[in-house]
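These notes are about the structure you will find just below.
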Amino acid sequence: MMLTGVCIVKHKNTQLHASSISEPQQFWSQAATAVDWLSPWDKVLDDSEAPFYHWFKGAKINSCYNAVDRHVEAGRGQQIAIQYVSPVTDTEYGISYAELQAQVSRLAGYMDSIGVKKGDRVVIYMPMVPETAYAMLACARIGAIHSVVFGGFAANELATRINDAKPKLILSASCGIEPSGVVAYKPLLDNALEQASHRVEHCLILNRSQLEASLQVGRDVDWQTGVATAPNMDCVPLEATDPLYILYTSGTTGQPKGVVRDNGGHSVALAWSMKHIYDIEAGDSFWAASDVGWVVGHSYIVYGPLLVGATTLMYEGKPIGTPDPGAFWRTIAKYNVKSFFTAPTAIRAIKRDDPDGQYLKGVDLSCLKNVFLAGERCDPDTLHWAEQKLNKPVIDHWWQTETGWPVAANLMGYAPVEVKAGSPALAVPGYQIEVVDVMGEQVAANESGNVVIKLPLPPGTLTTLWQNEQRYVDSYLSMYPGYYLTGDAGYKDDDGYLYIMSRIDDIINVAGHRLSTGRFEEVLCQHDAVAEAAVIGVEDELKGQVPLGLVVLKKGVTLDEQELNKQLMGLVRKEIGPVAAFRLVSAVQKLPKTRSGKILRGTMRNIADNKKYNVPATIEDPATLDIVRNTLTRMGYADAHV
Ligand code: COA
Ligand code: AMP
């Protein structure tokens with residue numbers, strides 16, 4: 001559809017993009033005026049260590065100062081910084097910028113008092129409560145590097161991240177609240193700490209009224225008690241290139257990748273994106289309905305809106321069932337939200353439960369200007385449904401944990417262009433996106449290929465993987481020298497609009513959550529009865545994709561099928577966490593493989609989703625495809641007649 005009420009100014013957009021590519025130093029030094037610096041940079045872009053690039057090298061900055069203190073100093077102290085909305089606990093309150101400054105400086109003081117210093121890591125394993133934002137900002141204040149772990153991950157996943165980040169301190173809470181009930185976090189943390197080889201000296205535990213956590217003397221401190229007597233701590237000067245945080249994300253192996261983000265480039269890029277993409281400035285209300293454990297939460301619940309002095313909503317609830325599919329719309333109206341960001345899966349959930357938009361009746365959404373969707377491919381049906389029911393521009397945009405902010409989007413605060421369903425629109429300034437074939441040659445318009453970004457990546461993107469530069473190079477930079485490999489496949493149309501269609505690796509996207517099929521397979525193979533396992537992502541109407549596992553059993557296993565499946569589902573839940581949503585598994589006699597032993601996961605996925613596929617010439621045993629097809633049909637997937 002054409003955007004109503006806005007002019008179509010593609011050339012303005014193209015010009016801005018072109019200037020960001022031809023004059024990156026000028027473009028980003030201009031953008032950098034939106035944040036406050038303690039001392040200027042020597043160089044906007046240091047490429048002396050390419051392919052490692054450093055933005056704003058030599059400059060000093062503090063991200064917490066930019067997100068909190070400077071707004072108080074500018075007279076915004078009484079404005080709400082964080083509006084907490086928790087339908088699952090029936091609690092709503094606002095935290096002003098002045099209050100946020102007080103909370104964060106005291107928590108930073110506590111951290112400092114127990115010896116947490118610049119460069120130390122702090123793991124944050126917490127639910128969607130304001131204290132989680134305080135924790136991130138307190139780390140930023142003293143230069144400690146935070147690493148937030150999503151609450152839906154199991155103890156084992158937390159232990160893996162603890163071993164990699166080696167934190168001095170962990171901040172956690174007694175529980176999270178899910179629609180299914182209270183989820184005790186502390187036993188998960190205790191279990192993770194037992195499993196981890198790295199010894200953690202200090203844990204600060206937020207006791208929520210729903211559940212009291214038991215504390216281990218000498219290691220654990222109650223949050224309120226800890227901060228009660230802590231001194232206020234000022235922001236410390238940091239190098240623009242110092243790491244601000246590590247965020248682990250799924251890679252193709254079971255070992256997650258620790259994406260590292262710096263302070264200077266990150267602040268500049270997020271501030272730029274708030275205005276130009278999301279059309280948000282100081283005083284506006286912005287809501288990203290995600291979780292702080294994901295990159296969307298880092299960039300657009302915490303840092304982005306606070307960096308520009310906006311009000312950010314922090315929502316502890318779901319799109320449906322807390323209590324109904326009207327919760328999002330009422331919250332937008334009540335808190336005057338101007339731009340709203342969620343995942344397509346959340347819209348699909350609302351559409352499923354309220355197809356006619358009954359819950360929109362009587363809700364005044366005049367405050368709402370734009371709805372942004374990301375995290376997974378947005379199918380045109382979902383986009384059109386939201387456009388029609390909300391009567392607002394619905395903007396798909398594409399990015400990933402690694403980039404930290406949008407790569408392709410419609411610049412709603414600068415020059416909105418025509419919306420084309422199924423496309424996240426055009427390359428954002430700073431990103432030079434190309435679609436290439438296996439040889440690295442650009443493909444023609446409308447032809448599919450690997451989506452790559454020409455180096456250098458703009459400010460705010462990953463600088464490396466935590467203590468694993470080689471993996472950073474191997475995973476992203478080595479396939480096409482001079483380019484960053486996004487891991488996504490897609491095409492550009494005749495107008496240069498990008499379409500992201502699938503992953504080229506073994507990553508699946510379940511309800512906007514990125515998971516590695518390799519990790520599922522590792523876990524399934526831990527079961528005594530399993531000789532081999534293959535996990536694929538199959539299409540799902542609500543979650544986009546769900547994992548489906550096929551296992552080959554060891555000889556002589558006599559376990560009842562139902563019992564085995566129950567055990568395998570339980571194992572995945574225990575090892576990866578409830579977020580894995582693993583509910584489809586079956587035993588097969590044999591898996592389809594090439595003669596060199598590579599499992600044909602792509603072919604299996606096409607069979608499951610009723611897509612065309614070629615039988616690879618290198619297949620070891622063509623009969624295995626029939627075995628798999630019959631099994632998938634029995635599981636409600638592959639249509640036997642295709
Ligand atoms: N802590 C503990 N457990 C969590 C959790 C958390 N922070 N987040 C999710 N879980 C659990 C859920 O309770 C659920 O457990 P269950 O199997 O016992 O019911 C499981 O993980 C799966 O949760 P979820 O992915 O939320 O699926 P759902 O079926 O409960 O709800 C949707 C479906 C579509 C409503 C939900 O996935 C949703 O809101 N998605 C939006 C996704 C999103 O914002 N993504 C961020 C990227 S932008
Ligand atoms: P994450 O790192 O968890 O944010 O997941 C990033 C991945 O999600 C991308 O590499 C894509 O595969 C997918 N993704 C995110 N946003 C979109 C989008 N708008 N369209 C298509 N795929 C998307």
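Residue numbers count from 1 along this sequence.
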Looking only at the side chains, is there a donor atom on one of [X] and [Y] sitting less than 3.5 Å from an acceptor on the other?
X: Asn263; Y: Ser63; result: yes
X: Gln216; Y: Asp220; result: no
X: Gln101; Y: Asp69; result: yes
X: Gln567; Y: His527; result: yes
X: Tyr300; Y: Ser273; result: yes

I want to check something: taking the side chain as every heavy atom from C-beta on, are [X] and [Y] in contact at a cut-off of under 4.5 Å?
X: Leu524; Y: Leu571; answer: no
X: Arg106; Y: Asn232; answer: yes
X: Arg261; Y: Val295; answer: yes
X: Val510; Y: Pro547; answer: yes
X: Ile162; Y: Pro167; answer: yes
X: Leu564; Y: Val557; answer: no
X: Lys257; Y: Thr401; answer: no
X: Arg208; Y: Pro127; answer: yes

Donor-acceptor check, side chain of [X] to backbone of [Y], threshold 3.5 angstrom: yes or no?
X: Arg70; Y: Leu307; result: yes
X: Asn509; Y: Gly375; result: yes
X: Arg76; Y: Glu73; result: no
X: Thr322; Y: Val88; result: no
X: Gln79; Y: Gly309; result: yes
X: Thr312; Y: Val302; result: no
X: Thr311; Y: Ile80; result: yes
X: Lys574; Y: Ala154; result: no
X: Arg141; Y: Ala108; result: no
X: Ser174; Y: Leu211; result: yes

NZ or CZ of Arg161 within 45° of Phe153 ring axis and under 6.0 Å: yes
Chi angles and distances behind the side chain to side chain donor-acceptor pair (under 3.5 Å) call for Asn163, Ser197: CA-CA 6 Å; Asn163 280 339; Ser197 51; 3.1 Å; yes
From CA spacing to verdict: side-chain contact (heavy atoms from CB on, under 4.5 Å), Asp284, Phe286: CA-CA 7 Å; Asp284 290 337; Phe286 181 77; over 6 Å; no
More than 12 heavy atoms of other residues, nucleotides or ligands under 6.0 Å from [atom1] of [X]: yes or no?
X: Glu563; atom1: CD; answer: yes
X: Asp90; atom1: CG; answer: no
X: Lys566; atom1: NZ; answer: no

If I take atom [atom1] from residue [X] and atom [atom2] from residue [Y], how far apart are they, to the nearest 0.5 angstrom?
X: Met136; Y: His298; atom1: CE; atom2: NE2; result: 4.0 Å
X: Gln255; Y: Glu522; atom1: CD; atom2: CD; result: 9.0 Å
X: Asp36; Y: His71; atom1: CG; atom2: NE2; result: 9.0 Å
X: Tyr134; Y: Ser105; atom1: OH; atom2: OG; result: 11.5 Å
X: Leu270; Y: Asn66; atom1: CG; atom2: CG; result: 11.0 Å
X: Glu131; Y: Trp223; atom1: CD; atom2: CH2; result: 6.0 Å

Glu201 with Arg219: basic N within carboxylate O range, under 4.0 Å: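 Here Glu201 does not pair with Arg219 in a salt bridge, since their nearest N and O are not under 4.0 Å apart.
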Charged N-O contact under 4.0 Å between Arg514 and Glu402: yes
Stepwise salt bridge (charged side-chain N to carboxylate O under 4.0 Å, His left out) check, Arg330 with Asp324: CA-CA 10 Å; Arg330 290 191 302 273; Asp324 59 47; 3.0 Å; yes
Nearest heavy-atom pair of [X] and [Y]: which atoms, and what distance?
X: Leu171; Y: Leu107; value: CD2-CD1, 4.3 Å
X: Leu244; Y: Ala140; value: CD1-CB, 3.6 Å
X: Gly512; Y: Glu376; value: N-OE2, 4.1 Å
X: Leu137; Y: Val104; value: C-CG1, 3.7 Å
X: Ala289; Y: Thr342; value: O-OG1, 3.8 Å
X: Ala213; Y: Ile205; value: CB-CG2, 4.0 Å

Parallel, tilted or perpendicular: which one describes the rings of [X] and [Y], with boundaries at 30° and 60°?
X: Tyr245; Y: His266; answer: perpendicular
X: Phe341; Y: Tyr278; answer: parallel
X: Tyr472; Y: Tyr476; answer: tilted
X: Phe582; Y: Phe520; answer: tilted

Stepwise ring pair (Phe, Tyr, Trp, His ring centres under 6.0 Å) check, Trp466 with Tyr248: CA-CA 9 Å; Trp466 179 247; Tyr248 288 92; 8.7 Å; no
Verdict with supporting geometry, Ser339 and Phe372, side-chain contact (heavy atoms from CB on, under 4.5 Å): CA-CA 7 Å; Ser339 287; Phe372 292 88; 3.8 Å; yes
Check: Phe328 ring centre within less than 6.0 Å of Tyr315 ring centre: yes
Criterion side chain to side chain contact (heavy atoms under 4.5 Å, CB included) against Val523, the qualifying member of Val530, Asn156, Val535, Val572: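 Only one option passes, and that is Val572.
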The single option from Lys118, Lys60, Lys57 passing salt bridge (charged side-chain N to carboxylate O under 4.0 Å, His left out) against Glu239: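 Option passing the salt bridge (charged side-chain N to carboxylate O under 4.0 Å, His left out) with Glu239: Lys60.
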side-chain contact (heavy atoms from CB on, under 4.5 Å) assessment of Met128 paired with Val292: CA-CA 7 Å; Met128 283 290 288; Val292 272; 3.7 Å; yes
Ile114/Leu204 under side-chain contact (heavy atoms from CB on, under 4.5 Å): CA gap, chis, key distance, verdict: CA-CA 11 Å; Ile114 58 164; Leu204 189 67; over 6 Å; no
